[in-house]
Amino acid sequence: MLNNNIIPANASSIKIASNILRENGIISFPTETVYGLGASALSSDAIAKIYAVKKRPRFNPLIVHVSSLKKAKQIGIFNAETQKLAEIFWPGPLTIVVPIRENSLISDLVTAGLSTIALRVPSNNIALDLLNYCDIPLAAPSANLSGTVSPTTAKHVFDDFHDSVDIILDGGRCEYGIESTIILSSKDGFKLLRAGYITEDIIEKELGIIVQKYKSSAIIAPGQLEKHYAPKAKLRLNASTLLKDEEFIGFGKVPDGISSTINLSINGDLVEAAMNLFSILRSIDDLKLNNVAVAKIPNIGIGIAINDRLQRAAI
Ligand code: AMP
Ligand code: MG
């Protein structure tokens, strides 16, 4: 099948994408985290298409992308500390969940009926140009079928959706390759809903405010669902040996006696490993591998987010 709905992102394709969005169509665009499946957050028709195409359960709310904190404040209510958090980390790979304004005009489908909304200002230039040009808040979950591995290239998006997405803006590989950190701003402080590039430690250092673990029996972020990001292959984590019929995914130096051609980062660089993670998880399905052993990943910095995704992929 031809990939003819993939078009290089530039001023003219951004105009085409904006027109599709204004007519309540859906498009895919790159962000610094992963590729998003974008639609007008003001249109229930457009948002219904996103849930349908992704086969996403309607109880899983979507992140709304805007071009600035000013625009975000027209949709959500920011207290002083949350405003500071946004000023420090936006534009960037951080999503903030705040109470939604009554007059926000955002479709109820976006929030799945919650009284809060997840907002983010991305730093990727193509995403920002698109948001500025179309001037619509865009609901944009990751552009993959629900429950599967997030896309970090335009081809990954095409592989999941073919031509059921109007166009896919190709901006090359995503810079971070792992979904945004999600912080809930609640009455009793900041709570981490999803680990990402911006860790609790970084936030505490920059802001002097402790980020608490989120503890509740209710799942409010599907990134919290136990099984998520799942390839078809069975994964065995923290492996230092290779069992019969297994392929090895290394990180840094591979243990003696294992010949491995797949490595998250030969130099043992966690940022590089995060960038490669989803491409590698997708490629093991392309290679039709059934059993995969993954080397131990240090649980520090972005390694925390990598381990979080690997654990959910291994269930
Ligand atoms: P994705 O579909 O990969 O973009 O993931 C979006 C994430 O944001 C999911 O984990 C959602 O559950 C989470 N999310 C969106 N809106 C809210 C909200 N109002 N409260 C909590 N989590 C949210
Ligand atoms: Mg997702």
Side-chain angles (χ1 to χ4, degrees), residues 1 3-10 13-14 16-18 20-21 25-41 46-47 49-56 60 62-67 91-95 118 120-131 133-134 137-182 194 196-197 222-223 228-231 274-283 285-286 305 309 313:
M1 191 181 287
N3 313 359
N4 56 5
N5 55 347
I6 299 183
I7 16 183
N10 54 37
S13 57
I14 284 173
I16 297 170
S18 295
I20 295 172
L21 291 165
I26 55 177
I27 63 124
S28 179
F29 63 96
T31 78
E32 68 278 22
T33 57
V34 301
Y35 273 72
L37 193 61
S40 166
I47 301 303
K49 286 182 199 162
I50 292 227
Y51 282 102
V53 164
K54 269 184 70 85
K55 300 191 170 60
R56 180 173 175 116
N60 279 356
L62 308 176
I63 296 175
V64 172
H65 295 65
V66 287
S67 56
L94 176 74
T95 296
R120 181 161 99 85
V121 178
S123 61
N124 176 289
N125 282 334
I126 296 160
L128 276 177
D129 286 352
L130 177 69
L131 286 163
Y133 189 83
C134 74
L138 297 182
S142 52
N144 57 293
L145 292 169
S146 187
T148 68
V149 178
S150 293
T152 54
T153 65
K155 164 119 184 2
H156 293 161
V157 180
F158 182 81
D159 288 346
D160 274 19
F161 296 123
H162 301 283
D163 52 9
S164 55
V165 177
D166 292 328
I167 61 169
I168 302 168
L169 293 177
D170 189 349
R173 267 176 87 130
C174 299
E175 185 184 352
Y176 297 114
I178 209 155
E179 303 86 350
S180 58
T181 306
I182 306 182
R194 180 170 74 188
Y197 183 77
H228 206 77
Y229 316 106
M275 196 176 95
N276 288 332
L277 177 67
F278 290 144
S279 287
I280 287 180
L281 290 182
R282 278 179 175 259
S283 71
D285 279 345
D286 293 343
R309 305 306 190 271

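Position 1 is the first residue of the sequence, and the numbers go up from there. This structure is a prediction, so every number in the text was calculated from the model and none was measured.
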- Check side chain to side chain contact (heavy atoms under 4.5 Å, CB included) between Asp170 and all other residues, then give those that pass, not counting sequence neighbours.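 Applying side chain to side chain contact (heavy atoms under 4.5 Å, CB included) to Asp170 gives Ile6, Tyr35, Ala154.
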
- Item | Set of residues satisfying side chain to side chain contact (heavy atoms under 4.5 Å, CB included) with respect to Ser67, sequence neighbours excluded |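 Side chain to side chain contact (heavy atoms under 4.5 Å, CB included) check on Ser67 returns Lys71, Leu131, Asn132.
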
- Task: Start with the C-alpha distance between Asp160 and Lys55, add both sets of side-chain angles, then the distance that settles salt bridge (Lys or Arg N to Asp or Glu O under 4.0 Å), and finish with yes or no.
- Result: CA-CA 11 Å; Asp160 274 19; Lys55 300 191 170 60; over 6 Å; no

Nearest heavy-atom pair of [X] and [Y]: which atoms, and what distance?
X      : Y      : value
Gly25  : Lys49  : CA-NZ, 4.1 Å
Ile26  : Ile20  : N-CG2, 4.1 Å
Ser123 : Leu128 : O-CD1, 4.0 Å

Would you kindly say whether [X] and [Y] are connected by a side-chain donor-acceptor distance under 3.5 Å?
X      : Y      : answer
Thr31  : Arg120 : yes
Ser13  : Asn10  : yes
Ser150 : Glu179 : yes
Thr33  : Ser180 : no

- Name the one of Thr181, Val64, Ile63 that satisfies side chain to side chain contact (heavy atoms under 4.5 Å, CB included) with Thr95?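 Exactly one pass, corresponding to Ile63.
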
- More than 12 heavy atoms from other groups under 6.0 Å of OH on Tyr176: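 Yes, the 6.0 Å shell around OH holds more than 12 heavy atoms from other groups.
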
